[in-house]
Amino acid sequence: MTAALVAGLLAGYGIAVPVGAVGAYLVSLTARTSLRTGGCAALGVATADGLYALLATLGGSALAAALRPVMGPLRWASVLVLGCLAAHGAVTAVRHHRAGPRPATASQPPPPSPSRAYLGLLGITLLNPTTVVYFAALVLGSRATGSVPALEQGVFVLAALAASASWQLLLAAGGALLGRALTGHRGRLLTALASSAVMAVLAVRMLLTPGG
């Protein structure tokens with residue numbers, strides 16, 4: 001049981017800690033909205049990691065083999081989503097910056113609701129096929145010595161979910177601190193442009209990755 005718990009924690013942190021496009025978007029979203037919204041978005045990312053851990057645990061190598069024929073379309077879908085987010089964020093930021101600071105009485109566009117942020121980040125993360133292949137490889141390796149009891153599989157999935165959630169919430173907290181530090185008109189522009197640039201670069205990198 002302890003081995004399954006440790007394996008799940010390591011698996012969850014292993015896939016969550018490398019900050020890629022989703023992590024950059026999470027930080028930027030929290031910086032421009034609120035910690036509550038960012039926290040819900042972080043839980044959306046963690047939910048996707050947990051679902052993939054569950055699917056990989058149940059399906060093992062068969063799931064990875066089933067996804068292999070559609071890896072190309074899934075990768076292109078991920079690139080498309082990231083590219084659209086990058087372009088939309090940059091265009092919106094430049095437009096607002098050129099319009100100048102708005103008076104306090106001017107109507108501000110409503111930020112995404114916590115539920116919308118949760119569903120948005122859940123969907124974006126689910127488009128990444130690397131996560132399920134990562135978990136499937138871990139599960140396949142653990143089954144080399146025989147079948148794994150259902151209870152240990154459950155502990156593994158819950159531990160992976162908890163590890164991912166803790167890291168994503170830490171990123172959201174960092175985004176909230178960043179938002180307080182960069183509340184000025186220019187700071188918001190730089191934050192949005194930096195996030196868009198990171199997402200665009202990583203989308204291009206995804207295209208250039210062998211096997212894409």
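Small disclaimer: the values here were computed from a predicted structure and weren't measured.
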Engineer: For a side chain to side chain contact (heavy atoms under 4.5 Å, CB included) check, start with the C-alpha distance between Y52 and T125, then their side-chain angles and the critical distance, and finish with the verdict.
Structural biologist: CA-CA 10 Å; Y52 271 149; T125 309; 5.8 Å; no
Engineer: Kindly write out the residues that satisfy side-chain hydrogen bond (donor to acceptor under 3.5 Å, both in side chains) with S115, not counting sequence neighbours, or none if the list is empty.
Structural biologist: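 Per chain and number, S115 pairs via side-chain hydrogen bond (donor to acceptor under 3.5 Å, both in side chains) with S113.
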Engineer: The criterion is side chain to side chain contact (heavy atoms under 4.5 Å, CB included); which residues satisfy it with L158, sequence neighbours excluded?
Structural biologist: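 Listed in chain order: nothing, the list is empty.
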Engineer: I'd like to know if I124 and L127 are part of one continuous hydrophobic network [Ile/Leu/Val/Met/Phe/Trp/Tyr, side-chain heavy atoms within less than 4.5 Å].
Structural biologist: yes
Engineer: Kindly work out whether a path of hydrophobic side-chain contacts (I/L/V/M/F/W/Y, heavy atoms less than 4.5 Å apart) joins L161 to L151.
Structural biologist: no
Engineer: What are the two closest heavy atoms between D49 and S164, and how far apart are they?
Structural biologist: OD2-OG, 2.6 Å
Engineer: With sequence neighbours left out, what residues match V91 under side chain to side chain contact (heavy atoms under 4.5 Å, CB included)?
Structural biologist: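 Expected list: R95.
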Engineer: Please name all residues satisfying side chain to side chain contact (heavy atoms under 4.5 Å, CB included) with L170, sequence neighbours left out, ordered by chain then number.
Structural biologist: W167
Engineer: Identify the heavy atoms of L54 and V157 that sit nearest to each other, and give their distance.
Structural biologist: CA-CG2, 3.8 Å
Engineer: Determine the minimum heavy-atom distance between A117 and L29, stating which atoms define it.
Structural biologist: CB-CD2, 4.1 Å
Engineer: State which residues pass side chain to side chain contact (heavy atoms under 4.5 Å, CB included) with T92; sequence neighbours excluded, sorted by chain then number.
Structural biologist: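 Once residues adjacent in sequence are excluded, the partners of T92 under the side chain to side chain contact (heavy atoms under 4.5 Å, CB included) criterion are H88, H96.
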Engineer: For residues 34-47, which side-chain donor-acceptor pairs fall under 3.5 Å, sequence neighbours excluded?
Structural biologist:
from, atom 1, to, atom 2, distance (Å)
S34, OG, T37, N, 3.2
S34, OG, T37, OG1, 3.2
T47, OG1, L43, O, 2.7
T47, OG1, Y118, OH, 3.0

